[in-house]
There are 2 protein chains.
Amino acid sequence: MLRLSKLTDYAVVVLVRLSGGAAVQTSPGIAGATGIPEPTVAKVLKALAAGGLVTSQRGAHGGYRLSRPLATIPIAEVIAAIDGPIALTACVDGSPTSCEVLGLCPVRGRWDPVNTAIREALTAITLADMQEAAIPRAFRVPLPEQAPAAPVDVSSVPLAE
Amino acid sequence: MLRLSKLTDYAVVVLVRLSGGAAVQTSPGIAGATGIPEPTVAKVLKALAAGGLVTSQRGAHGGYRLSRPLATIPIAEVIAAIDGPIALTACVDGSPTSCEVLGLCPVRGRWDPVNTAIREALTAITLADMQEAAIPRAFRVPLPEQAPAAPVDVSSVPLAE
DNA sequence: CCTATTCGGACCCACTCGGTCCTGTTTCCG
DNA sequence: CGGAAACAGGACCGAGTGGGTCCGAATAGG
């Protein structure tokens, strides 16, 4: 369904949560604040740390901390960290395992422009954009100085559907 | 992984194949020409017919026929026909089943701009664009007059990844 | 030096999806 | 008028992956 995993959704929630509050936060702490099951939060944080989006501090009084401000993190990076590289089909041109119907497949490698278009759309939107007006006033904490994060102008093409 | 189903890939292959050759083609015929298993082709065609992209003719000497030229079919429609509506997360704002952590979820409904961006990217690309230079010379049949299908210019944004 | 706390990696279960098959209905040919 | 060809709709089964849980490793504090 072209839907990304729920983990990625959680990742966005976690990252946004991580931007507010204390500098370093623990998995249970974030879980409690977001309502996401604790093990799942830990798993997400783990993947995020592997992707370099958050830095971890082990040991007592450890936890996680944002590596970069939200405005510099495009959605594409979050998706890549959680769900792996963005590729709609298995037939990406660099794939080692070519499809078995290679000789006949008429659209071999033709998904590339689609992949590229999607990747660009995802790269143009940062987490700060999603945070904009997302957090109700009650949850809104005074962030130091979150850049306005260049407004995304993808509305030039009329939406047929 | 933000990957769409293999069925959608097949659908594109089938539709492109359907654009060449005879006016009406049978499932076995398309299967033989594309190398895709026959039952799978039938399933794809069925979904495509339900989506209105192809018209079916029952009975002996029946088969499937394109409803519209490739240039007027955006990828988004194919995906919608096969994989259902394009929505990256379950938390689309019109969803009847609100997520259980609704009260705490800080990015509730914030995926909409992402969904919109992707939908636009997918709507801007038609099947004719994927057919362009996709079919090797050997397979290229003299199509009557397939519109050049306005080149998609999505390469204005530099790709970070 | 020991202990508590927290991250890190490995494991397992369940769900959805890809793929197949069968039966029924419709239409053309003999 | 009967048979064959082809689509339509459903159910069924297996594989892959997402989602959740557990235990071990590392580090700061006492």
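- Summarising the geometry, the separation between CD1 on A/I30 and P on C/dT6 is reported as 12 Å, rounded to the nearest angstrom.
- The nearest heavy atom of DNA chain C to A/A49 and to B/G59 marks one nucleotide each, and the one closer to the 5' end goes with A/A49.
- The backbone N or O of A/G52 lies less than 3.5 Å from a partner atom in the side chain of A/S67, making a donor-acceptor pair.
- Whole-Å rounding puts the A/E38 CD to D/dG19 C1' distance at 15 Å.
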Protein-nucleotides 22-25 of chain C N/O pairs under 3.5 Å:
unit_1 : atom_1 : unit_2 : atom_2 : d
C/dG24 : N2     : B/R58  : NH2    : 3.3
C/dT25 : O2     : B/R58  : NH2    : 2.7

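- Contact between A/A47 and A/I82 at its shortest, heavy atoms only, is CB-CD1, 3.8 Å.
- The phosphate of D/dA6 (OP1 or OP2) has no side-chain N or O of B/S56 nearer than 4.0 angstrom.
- One atom, CD1 of A/I82, and another, P of D/dG20, lie 13 Å apart when rounded to the nearest Å.
- The nucleotide whose nearest atom lies closest to any side-chain atom of B/L7 is, among C/dT20, D/dG20, C/dG19, C/dG19.
- A/V13 and A/V24 end up in different hydrophobic clusters when Ile, Leu, Val, Met, Phe, Trp and Tyr side chains are linked at under 4.5 Å.
- Here the P atom of nucleotide D/dG18 and the OH atom of A/Y10 are 14 Å apart, to the nearest Å.
- For A/R68, the side-chain contact (heavy atoms from CB on, under 4.5 Å) partners are A/T72, A/I73, not counting sequence neighbours.
- Close to D/dA8, at under 4.0 Å from its OP1 or OP2, lies a side-chain N or O of B/Y64.
- Side-chain atoms of B/D129 come within 3.5 Å of backbone N or O of B/T126 as a donor-acceptor pair.
- If you run side chain to side chain contact (heavy atoms under 4.5 Å, CB included) between B/I118 and each of B/L122, B/T116, B/N115, only B/L122 comes through.
- Separating the CG atom of A/L45 from the P atom of C/dG9 is a distance of 13 Å, rounded to the nearest angstrom.
- The interatomic distance linking A/K6 (NZ) with C/dC15 (C1') rounds to 11 Å, in whole Å.
- In this structure, the nucleotide among D/dG18, D/dC7, C/dT6 sitting nearest to the side chain of A/T26 is C/dT6.
- If you take CD on A/Q25 and CZ on A/R17, they are separated by 5.0 Å, rounding to the nearest 0.5 Å.
- Between B/K43 and B/H61, the residue anchored nearer the 5' end of DNA chain C, judged by the nucleotide with its closest heavy atom, is B/K43.
- Contact annotation: A/Q57 side-chain N/O to D/dA28 OP1/OP2 distance is under 4.0 Å.
- Between A/I36 atom CD1 and D/dG19 atom P there is a gap of 12 Å when expressed in whole angstrom units.
- For B/S27, no side-chain nitrogen or oxygen approaches OP1 or OP2 of D/dA6 to under 4.0 Å.
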